[in-house]
Student: 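Got a structure for you, written out below as structure tokens; questions coming shortly.
Numbered from 1 within each chain, the chains take letters A, B, ... in sequence-line order. What's counted below: heavy atoms across the whole structure, side chains too, no hydrogens, waters or symmetry copies.
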Protein chains: 2
Amino acid sequence: MKDKTVIDLSALRVTCQSCGLYQFCLPMGLAEGDMERLDSVIKRRRKIEKGEYLYRMHDAFSTVYAIRSGSVKTYTSIESGAEQVTGFHLPGELLGLNAVSTQHHTNSAIALETTSVCEVPFERLEELARDIPSMQHHMLHVMSQEIQSDHCQLMMIAKMPAEARLARFLLSLSAHFGNRGFSATEFHLSMSRNDIANLLGLAVETVSRLFSHFQDEGLLSVERKHIVIHDMDGLMNTTAQGSSQPLPKDSSSNQRP
Amino acid sequence: MKDKTVIDLSALRVTCQSCGLYQFCLPMGLAEGDMERLDSVIKRRRKIEKGEYLYRMHDAFSTVYAIRSGSVKTYTSIESGAEQVTGFHLPGELLGLNAVSTQHHTNSAIALETTSVCEVPFERLEELARDIPSMQHHMLHVMSQEIQSDHCQLMMIAKMPAEARLARFLLSLSAHFGNRGFSATEFHLSMSRNDIANLLGLAVETVSRLFSHFQDEGLLSVERKHIVIHDMDGLMNTTAQGSSQPLPKDSSSNQRP
DNA sequence: AAAAATTATTGACCTAGATCAATAACTCAT
DNA sequence: ATGAGTTATTGATCTAGGTCAATAATTTTT
């Protein structure tokens with residue numbers, strides 16, 4: 001039986017210090033006083049149910065979002081109707097900054113499960129960034145990371161075989177969870193096979209077959225969305241399409257899994 | 001016969017106002033006084049011969065580069081030796097910002113032809129950005145644009161057939177030149193077929209065949225690196241793999257709000 | 001200016017992964 | 001619980017584009 005008051009209390013106190021993720025999130029590296037200024041700017045905490053949108057492509061841009069819990073899929077689409085998943089986003093990640101240049105969102109963000117986010121008005125954040133050098137730097141840092149991770153994704157889709165792409169995807173998820181104190185070898189996929197396939201530029205069927213194949217090889221166990229990695233090194237080896245294995249680093253403190 | 005003194009004079013005066021590209025470049029939208037402050041920060045003008053590196057992957061990051069003339073190819077590589085071209089960069093573009101997060105470059109930038117760049121020490125730029133709101137905004141703007149263009153590239157490689165990828169590539173070059181007052185229908189490719197293929201995630205042979213194919217269709221003439229587009233609409237149609245044609249927008253016609 | 005090296009084109013063939021199709025397993029609304 | 005609608009798995013086939021190979025055009029080196 002749960003004590004409702006505890007839940008309500010935590011919901012009321014919207015402070016970064018009280019959030020377990022603050023060292024991965026926006027306030028990363030801020031001095032105490034600056035963190036309070038940031039707190040005063042964070043509008044509120046919002047709860048998003050599975051399938052709800054955080055924002056949609058073409059929406060006016062005014063707010064960036066920090067994920068507290070849950071997970072979010074972002075994707076762009078073109079007129080022809082084709083969609084491209086651009087990433088899955090986990091707690092601590094900052095979403096929406098890439099709309100700065102157009103002033104409207106160029107992708108949609110939809111919750112993959114019940115998700116809680118902090119909303120930060122971008123204008124206020126820009127003001128803060130002027131006064132707090134480390135905040136300004138952090139925003140550039142976050143965007144720079146996103147670019148790097150996009151380049152990595154590009155390379156993966158353009159140059160690596162299907163097997164290596166899925167292995168890398170799983171390893172990066174694993175690293176992400178590991179970094180945050182969760183199990184790196186056993187976790188839950190909040191996204192569908194379809195979404196994974198789309199992100200990796202593959203057909204669903206290929207992803208399905210690869211999961212089965214990895215399982216047959218004894219590299220992992222997969223049962224629907226539950227993954228247990230048995231042979232991390234083995235998985236890594238499959239990501240090396242040439243000779244030496246390129247270890248996948250957690251694009252961590254932020255960005256894509 | 002050329003008058004050397006004119007050339008020397010323009011080389012001496014390192015001011016943004018005197019540069020034909022200033023409305024596409026870093027000083028975009030700056031007030032006059034602010035532009036002078038920017039001028040005082042720009043270290044020098046550097047000339048890079050074809051094949052020389054502006055910077056290499058893993059180099060320490062200290063400087064961002066604005067291209068004045070010529071063109072630059074950026075690419076990342078992984079341990080296995082595979083390389084991924086991440087972009088071709090033309091006058092007015094700003095290079096290097098994506099190294100902010102790691103403090104060292106994660107890609108290499110090599111000149112495709114004789115190229116002239118302005119060097120801006122990043123630390124000084126960060127300082128300026130604190131004092132000049134529109135400069136801070138512009139830096140975020142540039143990075144946001146880069147992310148959007150990477151997402152577009154991702155979508156292209158993951159979802160579009162080879163023909164559409166090359167057509168889009170040519171159209172975006174065309175738009176870029178058009179925007180800068182050059183011919184949108186006749187231009188020179190400074191990059192090799194190999195580089196184009198790499199950027200688009202294709203084999204050289206495929207690119208070659210597609211050029212021939214486009215020519216057979218009467219869409220364009222190609223002679224080595226010289227391109228003349230005859231049927232812009234026709235080219236656009238080939239980029240629509242489904243139904244309606246997604247018009248390619250120039251990746252770098254920066255508009256400040 | 002000739003030789004060597006690089007870059008581009010074209011053809012013949014082949015394969016990784018897409019597509020099509022048929023179940024099976026799960027989710028959700030009633 | 002029950003049926004409708006998803007989502008996942010597996011097999012059979014097909015194809016876009018990759019690979020291999022030969023040649024030509026161009027650039028670079030000597």
Side-chain angles (χ1 to χ4, degrees), chain A residues 49-52 73 82-85 110-114 156-167 169-170 188-217 220-227 238-239 241-242, chain B residues 49-52 73 82-85 110-114 156-167 169-170 188-217 220-227 238-239 241-242:
Chain A
E49 293 303 326
K50 177 177 176 172
E52 269 188 79
K73 169 180 86 173
E83 286 180 1
Q84 176 65 45
V85 172
I110 187 172
L112 292 168
E113 59 197 307
T114 303
M156 204 163 82
I157 295 191
K159 302 271 140 64
M160 307 210 317
E163 195 182 45
R165 294 187 222 172
L166 184 62
F169 169 73
L170 292 172
H188 176 88
L189 300 172
S190 60
M191 68 294 292
S192 70
R193 298 284 192 273
N194 235 306
D195 289 338
I196 297 174
N198 190 307
L199 176 80
L200 300 177
L202 299 169
V204 211
E205 293 94 326
T206 305
V207 171
S208 221
R209 276 185 255 270
L210 285 171
F211 270 124
S212 305
H213 175 238
F214 284 155
Q215 190 160 36
D216 293 348
E217 301 264 286
L220 49 75
S221 298
V222 52
E223 209 190 315
R224 280 268 142 164
K225 308 207 151 175
H226 184 81
I227 300 280
T238 74
T239 72
Q241 79 294 43
Chain B
E49 293 303 326
K50 177 175 177 174
E52 269 187 78
K73 168 181 87 174
E83 287 181 359
Q84 175 65 43
V85 172
I110 187 172
L112 291 169
E113 59 196 309
T114 303
M156 203 163 83
I157 294 190
K159 301 274 140 60
M160 307 209 319
E163 194 182 48
R165 293 187 223 170
L166 184 60
F169 168 73
L170 293 173
H188 177 85
L189 301 172
S190 59
M191 67 295 289
S192 70
R193 299 284 192 272
N194 235 307
D195 288 338
I196 296 174
N198 190 308
L199 176 81
L200 300 177
L202 299 169
V204 210
E205 293 93 329
T206 305
V207 171
S208 219
R209 275 186 256 270
L210 285 171
F211 269 124
S212 304
H213 175 237
F214 284 155
Q215 189 160 36
D216 294 348
E217 302 265 287
L220 47 76
S221 300
V222 51
E223 208 192 316
R224 277 271 144 158
K225 307 206 152 177
H226 184 80
I227 301 281
T238 74
T239 73
Q241 79 296 43

Student: Of all residues at least two apart in sequence or in a different chain, which pass the side-chain contact (heavy atoms from CB on, under 4.5 Å) check with B:Ala197?
Tutor: B:Val207

Student: Please collect all salt bridge (charged side-chain N to carboxylate O under 4.0 Å, His left out) contacts where either partner lies in residues 200-210 of chain A, sequence neighbours excluded, each pair once.
Tutor: none

Student: At under 4.0 Å between heavy atoms, how does the protein contact nucleotides 13-30 of chain C? Give one character per nucleotide, 5' to 3', with B, S or -.
Tutor: ----SSBB-----S----

Student: Between C:dT9 atom P and B:Phe211 atom CZ, what is the distance in whole Å?
Tutor: 8 Å

Student: Base, sugar-phosphate, or nothing for A:Ser192, non-hydrogen atoms under 4.0 angstrom?
Tutor: sugar-phosphate

Student: How about B:Asp195 and B:Leu112: do any of their side-chain heavy atoms sit closer than 4.5 Å?
Tutor: yes

Student: Taking side-chain hydrogen bond (donor to acceptor under 3.5 Å, both in side chains) as the definition, give me every residue that meets it alongside A:Glu113, ordered by chain and number, with sequence neighbours left out.
Tutor: A:Ser71

Student: Just the rounded figure in Å: distance from P of D:dG18 to CZ of B:Arg193.
Tutor: 16 Å

Student: According to a strict under-4.0 Å criterion, is B:Ser212 in side-chain N/O contact with OP1 or OP2 of C:dT10?
Tutor: yes

Student: Can you tell me the distance, in whole Å, between the CG atom of B:Leu166 and the P atom of C:dA8?
Tutor: 13 Å

Student: Whole-Å distance between D:dT26 P and B:His226 NE2?
Tutor: 14 Å

Student: Mind grabbing the angle between the end helix axes of the helix from C:dA1-D:dT30 to C:dT30-D:dA1? Five pairs an end, 10° rounding.
Tutor: 60°

Student: State which residues pass side-chain contact (heavy atoms from CB on, under 4.5 Å) with A:Val204; sequence neighbours excluded, sorted by chain then number.
Tutor: A:Arg193, A:Asn194

Student: Residues in side-chain contact (heavy atoms from CB on, under 4.5 Å) with A:Glu52, at least two apart?
Tutor: A:Ile48, A:Glu49

Student: Rounded to whole Å, how long is the line connecting atom CG of B:Asn194 with atom C1' of D:dT26?
Tutor: 15 Å

Student: With B:Glu217, which residues qualify under side-chain hydrogen bond (donor to acceptor under 3.5 Å, both in side chains), at least two apart?
Tutor: none

Student: Which residues pass the side-chain contact (heavy atoms from CB on, under 4.5 Å) test with A:Lys225, not counting sequence neighbours?
Tutor: A:His188, A:Leu189, A:Ser192

Student: In whole angstroms, how far is the P atom of D:dT19 from the NZ atom of A:Lys159?
Tutor: 11 Å

